[in-house]
Amino acid sequence: MTRSQNSLDISLVEPRKIYDLAGLTSIVTGSSRGIGAGIALELARRGASVVVNYTSPKRQKAAEEVVSTIENCGSGVHAIAIQADIVTPLGQDKIVEAALGLSEGKAINILVHNAGNGDDCFLPDVTEEFYEMQTSLNVKAPIFLTQKVIPHMPRGGRIIFVSSCAARMGVAQQTIYAASKASNESFSRVWATELGQSKGITVNCVNPGPVATDGYFNSTQEFLDDLKPLVESTPAEARVGEVRDIAPIVGFLASEESRWVTGSTISACGGLLYF
């Protein structure tokens, strides 16, 4: 597989008329590319307006392309691209304000924690800076962004984490990444308990295996070589996952159909790892 075959080409995505999220407003962090962009498009196809979040200025054009595609998904569906660092209070406030601006009812119905850092590093090479960088984005940011969203999330709200099978696989070079993704699973269970009966909000986690995105292809060759036997042993098919394998699962968890699913982690890896 080549990068060009597997990267999300939003210009080729055809809208599907599934409007089970019509009138709802969503936030998808890290959604200018890859899995995040696919999720943003999936929610929009289902009728939700979307805040498309990105951090680096170099991702602005890609984020605006996602927004343009969303705006063509159907009547009443809107989107806005917001450059904001979700680790900072200022960035979190910016995202929340953008979502409230999109919502006629000033409500945020769906929050997808997709942004994350997947850099890899062997244990002897882990530095405090590396640790802080990964945990700030993968652990700290979801906690404090969620705190700011909850007051605006009505009953029936959905919080969804895009975690990783790395949380359970024990792959080399993933000391901090794996631990931070395991924390996302823990958040979903704890918050499902805290926010369930009291606020009518479900919280779930989706754990992809390797997915053919820029982040995957930008991994070290050593890391990719280590993963090759695992990829070839994937029960569903001997390949890495694709964005289209993951986004519809998030779409389901965002919908009313998932009302009896909370505190759960869905293994979206073709059977590479059985939970």
Side-chain angles (χ1 to χ4, degrees), residues 15-31 35-36 38-53 70-71 73-80 82 86 92-115 141-163 184-207 246-266 268:
R16 288 181 292 155
K17 294 183 179 179
I18 305 174
Y19 294 123
D20 53 351
L21 303 181
L24 304 185
T25 300
S26 64
I27 295 170
V28 184
T29 63
S31 47
I35 294 174
I39 292 169
L41 291 168
E42 180 68 21
L43 298 182
R45 292 186 197 108
R46 292 172 177 263
S49 294
V50 188
V51 173
V52 176
N53 161 245
I70 288 174
E71 293 283 352
C73 280
S75 177
V77 178
H78 301 289
I80 185 171
I82 294 295
I86 63 171
Q92 295 157 9
D93 289 340
K94 191 174 179 181
I95 291 171
V96 170
E97 289 169 6
L100 295 175
L102 276 182
S103 171
E104 291 185 6
K106 303 302 178 185
I108 302 172
N109 307 95
I110 302 161
L111 172 60
V112 181
H113 291 294
N114 170 77
I143 293 174
F144 293 102
L145 178 57
T146 301
Q147 276 188 350
K148 294 185 177 184
V149 167
I150 289 300
H152 308 287
M153 184 169 280
R155 298 190 73 84
R158 301 285 188 262
I159 300 172
I160 303 160
F161 285 91
V162 179
S163 181
N184 295 166
E185 290 189 27
S186 297
F187 292 164
S188 69
R189 292 188 289 270
V190 173
W191 296 354
T193 301
E194 290 189 8
L195 304 176
Q197 290 191 17
S198 64
K199 294 187 178 297
I201 296 169
T202 66
V203 190
N204 291 289
C205 197
V206 178
N207 282 18
I246 311 302
I249 299 172
V250 178
F252 161 72
L253 290 174
S255 74
E256 174 63 16
E257 292 175 328
S258 69
R259 61 190 174 276
W260 209 236
V261 182
T262 194
S264 295
T265 298
I266 297 177

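As a basis for the values below, the full set of heavy atoms in this structure was taken, side chains included, without hydrogen atoms, waters or symmetry mates. Start at 1 with the first residue, then count along the sequence.
- For K148, the salt bridge (Lys or Arg N to Asp or Glu O under 4.0 Å) partners at least two apart in sequence or on another chain are D93.
- V149 has its side chain within reach of V96: a pair of non-hydrogen atoms, C-beta onward, lies under 4.5 Å apart.
- Atom CD1 of residue I150 and atom NZ of residue K199 lie 7.0 Å apart, to the nearest 0.5 angstrom.
- Considering only residues two or more places apart in sequence or on other chains, A99 meets the side chain to side chain contact (heavy atoms under 4.5 Å, CB included) condition with T25, I27, V51, I108.
- For A247 against E42, the heavy-atom pair with the smallest separation is O-CG, 3.5 Å.
- Applying the side-chain hydrogen bond (donor to acceptor under 3.5 Å, both in side chains) test to residues at least two apart or on different chains, the pairs with a partner in residues 256-266 are R158-S258.
- The OG atom of S31 lies 7.0 Å from the CG atom of N114; values are rounded to the nearest 0.5 Å.
- Taking CE from M153 and CD1 from I159, the interatomic distance works out to 5.0 Å, rounded to the nearest 0.5 Å.
- Between the CD1 atom of I249 and the CD1 atom of I266 there is a distance of 6.0 Å, given to the nearest 0.5 Å.
- Between G263 and N204, the closest heavy-atom pair is N-OD1, 3.3 Å.
- The closest side-chain heavy-atom distance from V77 to I70 is below 4.5 Å.
- The side chain to side chain contact (heavy atoms under 4.5 Å, CB included) search around Q147 returns F144, not counting sequence neighbours.
- Looking only at side-chain heavy atoms (C-beta outward), L41 and R45 come within less than 4.5 Å of each other.
- Residues A40 and V52 share a closest heavy-atom pair of CB-CG2, 4.4 Å.
- Between atom OG of residue S26 and atom CD1 of residue I39 there is a gap of 10.0 Å, rounded to the nearest 0.5 Å.
- Among residues two or more places apart in sequence or in another chain, the side chain to side chain contact (heavy atoms under 4.5 Å, CB included) test is passed with A254 by L21, L43, I110, I160.
- Listed by chain and number, the residues in a side chain to side chain contact (heavy atoms under 4.5 Å, CB included) with I86 are T29, N53, I95, A115, L137, A141 (sequence neighbours excluded).
- In terms of heavy-atom proximity, V206 sits nearest to A268 at CG1-CB, 3.9 Å.
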